[in-house]
There are 2 protein chains.
Amino acid sequence: MRWKKISDAVIRRLPLYLRVLDELANDPNTQLISSQDLGVRAGVGPALVRKDLAWFGEFGKQGVGYEVKFLRDELRRILNLDSEIKIAIVGAGSLGAAFARYAHKRYADDSSFNLNVVALFDNDPGKVGTEIDGIPVYSANEMQERVRELQIHMAIIAVPSEQAQTTADRLVAAGVKAILNFAPVKINVPEGVHLASADLSLELQCLAYYLRD
Amino acid sequence: MRWKKISDAVIRRLPLYLRVLDELANDPNTQLISSQDLGVRAGVGPALVRKDLAWFGEFGKQGVGYEVKFLRDELRRILNLDSEIKIAIVGAGSLGAAFARYAHKRYADDSSFNLNVVALFDNDPGKVGTEIDGIPVYSANEMQERVRELQIHMAIIAVPSEQAQTTADRLVAAGVKAILNFAPVKINVPEGVHLASADLSLELQCLAYYLRD
DNA sequence: TAGATTGTTAATCGATTAACAATC
DNA sequence: TAGATTGTTAATCGATTAACAATC
């Protein structure tokens with residue numbers, strides 16, 4: 001099940017649809033949803049909803065709409081969220097620890113949330129060997145072995161900016177294929193590794209622009 | 001100094017340029033930078049760099065380039081980062097506390113980083129009255145008065161999803177003009193208030209798509 | 001059947017890139 | 001002056017929206 005290169009803009013909307021469908025799946029009154037309704041709930045135009053979905057197949061019935069649970073399952077499958085994905089967080093400072101707790105809670109609460117943080121890494125000997133919400137903190141030196149051993153394919157970088165690139169390099173060397181970077185620096189990864197940036201200060205600086213009235 | 005409606009895509013690149021210029025400003029060897037060089041460092045094409053800047057004025061010299069410090073100052077001014085912006089964080093859980101520490105450190109370390117977290121709000125009576133890195137934690141009930149009193153114009157929502165919309169409503173009522181939402185829900189704000197979403201699980205779900213090889 | 005809604009094609013809109021005259 | 005690089009216009013590219021035939 002491999003599709004041609006589908007635009008990033010399309011992919012970014014899929015989790016939005018999935019969230020709406022996840023909520024609706026609990027409501028026994030709504031078995032079906034139209035692109036119109038799904039669009040309103042996700043904040044996307046109805047035509048765009050249909051076009052986005054059409055990249056991956058024909059999921060709806062003309063004159064009827066989309067079956068909520070069916071479409072939800074399809075989207076989960078498309079996003080690779082139908083089986084567990086193991087995640088490492090590098091950097092067990094307050095930010096790293098906060099994400100660990102946050103993601104762990106999400107995973108524990110919702111059996112269909114298959115993103116599971118299984119390891120933290122840190123340099124601080126005082127932290128190594130401890131646990132955060134049951135997630136072990138390993139030494140950063142063990143990163144490569146542990147990542148391989150635990151079959152971790154995704155990682156979150158929550159280290160200081162200076163260490164971000166080195167961390168990324170080591171993760172990539174260990175076989176990580178997707179990285180979410182919280183450090184406020186541009187980092188480079190080779191072809192085939194996907195990088196997303198979640199840069200808090202960048203977001204705040206953008207927001208500042210709109211403050212002038 | 002008000003410009004016509006400038007695209008969000010343009011605004012999002014300005015902090016990228018600013019970051020490059022901030023770094024370069026410390027280097028006494030580089031007084032000047034070309035759109036070419038600035039583009040490479042920011043990960044943007046040279047033509048786009050020039051076009052982005054041209055929306056706000058003529059900052060360069062033909063045949064020469066842009067003066068680093070001058071352009072940095074202009075960008076700061078454009079982004080409203082030339083004077084202090086006071087920020088509130090609502091929700092002093094581990095995520096809220098982590099951001100507070102993070103932003104506070106940034107502000108303390110760098111005198112040109114004018115984004116200052118001055119208040120936390122929480123419902124938990126055990127937290128109210130305490131401090132995190134010197135930032136006071138107030139009761140969520142005091143939100144409106146405190147926000148007005150402290151002249152807070154920007155806020156970060158780090159509360160559970162269920163409370164996100166109510167929190168946003170209260171912030172808006174108190175005069176907040178820009179909100180960064182970390183809760184994994186769509187929230188609505190009136191015209192004139194700017195909303196950005198930093199949804200961790202959404203980012204991770206997007207990344208999951210790219211895991212298939 | 002009549003009404004509704006899909007999947008898809010064509011039209012529109014907006015953003016990026018290329019090109020180049022102006023000029024430092 | 002010759003070389004370099006800007007600001008800006010025109011060309012290209014991509015993404016969203018509108019429209020509609022197909023069909024449930």
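In the text below, chain A, chain B and the rest are named by the order of the sequence lines, each starting its count at 1.
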- Item | Option among Leu180(B), Val185(B), Ile187(B), Leu195(B) that satisfies the side-chain contact (heavy atoms from CB on, under 4.5 Å) test with Ile157(B) |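 When side-chain contact (heavy atoms from CB on, under 4.5 Å) is applied between Ile157(B) and each of Leu180(B), Val185(B), Ile187(B), Leu195(B), only Ile187(B) qualifies.
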
- Arg41(B)/Asp37(B) salt bridge by N-O under 4.0 Å criterion: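 So Asp37(B) pairs with Arg41(B) through a salt bridge.
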
- Task: Please state whether the rings of His194(A) and Tyr210(B) are parallel, tilted or perpendicular, taking 30° and 60° as the class boundaries.
- Result: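 Plane angle under 30°, so parallel.
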
Write down the distance between [atom1] ([X]) and [atom2] ([N]), rounded to a whole number of angstrom.
| X | N | atom1 | atom2 | answer |
| --- | --- | --- | --- | --- |
| Ile6(B) | dT16(C) | CD1 | P | 13 Å |
| Gln36(B) | dA4(D) | CD | P | 13 Å |
| Leu32(B) | dC24(C) | CG | P | 15 Å |
| Asp52(A) | dG7(C) | CG | P | 12 Å |
| Leu53(B) | dT6(D) | CG | P | 9 Å |
| Leu38(A) | dT6(C) | CG | C1' | 13 Å |
| Leu16(A) | dT16(D) | CG | P | 12 Å |
| Ile33(B) | dA4(D) | CD1 | C1' | 15 Å |

- With no hydrogens and no angle check, is any side-chain donor or acceptor of Arg170(B) less than 3.5 Å from a backbone partner on Ala140(B)?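 Indeed, once roles are kept as given, a pair shorter than 3.5 Å links the two residues.
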
- With distance as the sole test, does Arg19(B) use its side chain to make a donor-acceptor pair with the main-chain N or O of Pro184(A) at under 3.5 Å?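 The answer is yes, because a donor-acceptor pair under 3.5 Å joins these two groups.
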
- Within residues 57-73 of chain A, residues whose heavy atoms come under 4.0 Å of DNA chain C: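 Those residues are Glu58(A), Phe59(A), Gly60(A), Lys61(A), Gln62(A), Gly63(A), Val64(A), Gly65(A), Tyr66(A).
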
- Is the phosphate of dT6(C), meaning OP1 or OP2, less than 4.0 Å from a side-chain N or O of Ser35(A)?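 Result: yes.
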
- Item | N/O (side chain, Arg50(A)) to phosphate O (OP1/OP2, dG7(C)) under 4.0 Å |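 For Arg50(A), the contact criterion (side-chain N or O under 4.0 Å from OP1 or OP2 of dG7(C)) is not met.
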
- Nucleotide forming a Watson-Crick or wobble pair with dG14(D), both distances under 3.5 Å: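 Pairing partner, where one exists within any strand: dC13(C).
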
- Is there a Watson-Crick or G-U wobble partner for dA22(C) with both distances under 3.5 Å, and which nucleotide is it?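 dA22(C) is paired, partner dT5(D).
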
- Query: Can you check whether Leu79(A) reaches Tyr17(A) side chain to side chain, under 4.5 Å on heavy atoms?
  - Reply: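 Counting from C-beta outward, Leu79(A) and Tyr17(A) never come under 4.5 Å.
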
- Query: Taking the side chain as C-beta and beyond, is there a heavy-atom pair between Leu150(B) and Tyr138(B) under 4.5 Å?
  - Reply: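 Yes. Closest side-chain heavy atoms under 4.5 Å.
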
- Task: May I have the step-by-step check of ring pair (Phe, Tyr, Trp, His ring centres under 6.0 Å) for Tyr107(A) and Phe113(A), ending in yes or no?
- Result: CA-CA 5 Å; Tyr107(A) 180 76; Phe113(A) 188 82; 7.3 Å; no

Got a list of protein N/O to nucleotides 9-15 of chain D N/O distances below 3.5 Å?
from, atom 1, to, atom 2, distance (Å)
dA15(D), OP1, Ser7(A), OG, 3.4

- Message: Given Glu74(A), which partner from the list Arg77(A), Arg72(A), Arg76(A) fulfils the side chain to side chain donor-acceptor pair (under 3.5 Å) test?
- Response: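 Passing option: Arg77(A).
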
